[in-house]
Amino acid sequence: MSWGEAGSLIALLSGVSGTLFGALLGGLVTLAVGWLNSRRERRLNLTLALFSEFHSPAFNEIRIRAYDVLERGRGQTFDVLYEAASLDQRADLSSILHFFEKVALLMKAGAVDPGLMRRFMRQYAAWWQPLLCPAGTPAFQHPEWGATLRDVDWLFGKLRPKTVRA
């Protein structure tokens, strides 16, 4: 094989490998963009589904009943209120608390859109935080409810608007 033929072969192989590398790189970029778009869409859909669940007629009734129990017992910790509640009231209290726990854990996992969730839920955090998670509540240390209440309190902190400096 002459130097000219070897050079042509090297140029051919170089061109083929460059084309293959370009195709592979293009495929990876397309895959990454598709994955990011898919992830964004999943986060948006889950955020909207949670907001819809929160405003469903059945959950709205639960919220009203749980709010009444918590408001009447204002100043008492969640665990004390739960223990004193009827079975139906307990179901309502645990439903509202576990809804917020679910949102908190999904936020921590990055499974929902935090900005949209903040926009949808911040006014509710302002209503529910003083009832479920008043500052310094000893219920944060309760063996059964403590971890859940701490997660919910974390969520409320993330949902509440940041203070604006004048």
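All residue numbers refer to positions in the sequence shown, counting from 1.
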Distance (rounded to the nearest 0.5 Å) between [X] [atom1] and [Y] [atom2]:
X: Thr77; Y: Gln141; atom1: OG1; atom2: CD; answer: 12.0 Å
X: Thr47; Y: Arg118; atom1: OG1; atom2: CZ; answer: 11.0 Å
X: Arg150; Y: Thr137; atom1: CZ; atom2: OG1; answer: 11.5 Å
X: Arg72; Y: Leu131; atom1: CZ; atom2: CG; answer: 12.0 Å
X: Asp92; Y: Ile64; atom1: CG; atom2: CD1; answer: 10.5 Å
X: Arg63; Y: Trp128; atom1: CZ; atom2: CH2; answer: 7.0 Å

Hey, can you pull the donor-acceptor pairs under 3.5 Å for the side chains in residues 99-106, sequence neighbours left out?
{"from": "Glu101", "atom 1": "OE1", "to": "His98", "atom 2": "ND1", "distance (Å)": "2.8"}
{"from": "Glu101", "atom 1": "OE2", "to": "Thr148", "atom 2": "OG1", "distance (Å)": "3.0"}
{"from": "Lys102", "atom 1": "NZ", "to": "Glu53", "atom 2": "OE1", "distance (Å)": "2.9"}
{"from": "Lys102", "atom 1": "NZ", "to": "Glu53", "atom 2": "OE2", "distance (Å)": "3.1"}

Quiz question: by atom type and distance under 3.5 Å, do the side chains of Arg42 and Ser38 form a donor-acceptor pair?
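Distance-only check passes for Arg42 and Ser38.
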Take Asp88 and Arg65 through the salt bridge (charged side-chain N to carboxylate O under 4.0 Å, His left out) test and state the conclusion after the steps.
CA-CA 9 Å; Asp88 288 339; Arg65 291 189 306 261; over 6 Å; no
Main-chain N/O of Arg90 paired to Ser94 side chain as donor or acceptor, under 3.5 Å:
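Answer holds: yes.
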Can you hop from Phe78 to Val80 via hydrophobic side chains spaced under 4.5 Å?
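As far as the 4.5 Å side-chain criterion goes, Val80 and Phe78 are not connected within one cluster.
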Considering only heavy atoms from C-beta outward, does the side chain of [X] approach that of [Y] to under 4.5 Å?
X: Leu50; Y: Met117; answer: yes
X: Ile96; Y: Phe59; answer: yes
X: Arg74; Y: Pro134; answer: no
X: Leu155; Y: Met107; answer: yes
X: Leu97; Y: Leu149; answer: yes

What are the two closest non-hydrogen atoms of Arg43 and Pro114, and how far apart are they?
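Closest approach of Arg43 to Pro114: NH2-CD, 2.9 Å.
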Could you tell me which non-hydrogen atom of Pro130 sits nearest to which non-hydrogen atom of Ala125, and how far apart they are?
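Smallest interatomic distance, heavy atoms only, reads CD-O, 4.3 Å.
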Applying side chain to side chain contact (heavy atoms under 4.5 Å, CB included), run through Leu44 and Asp113 and close with a yes or a no.
CA-CA 6 Å; Leu44 176 62; Asp113 183 304; 5.5 Å; no
Tyr124: what forms a ring-ring contact (aromatic ring centres under 6.0 Å, His included) with it, not counting sequence neighbours?
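Tyr124 satisfies ring-ring contact (aromatic ring centres under 6.0 Å, His included) with Phe54, His55, Trp127 only.
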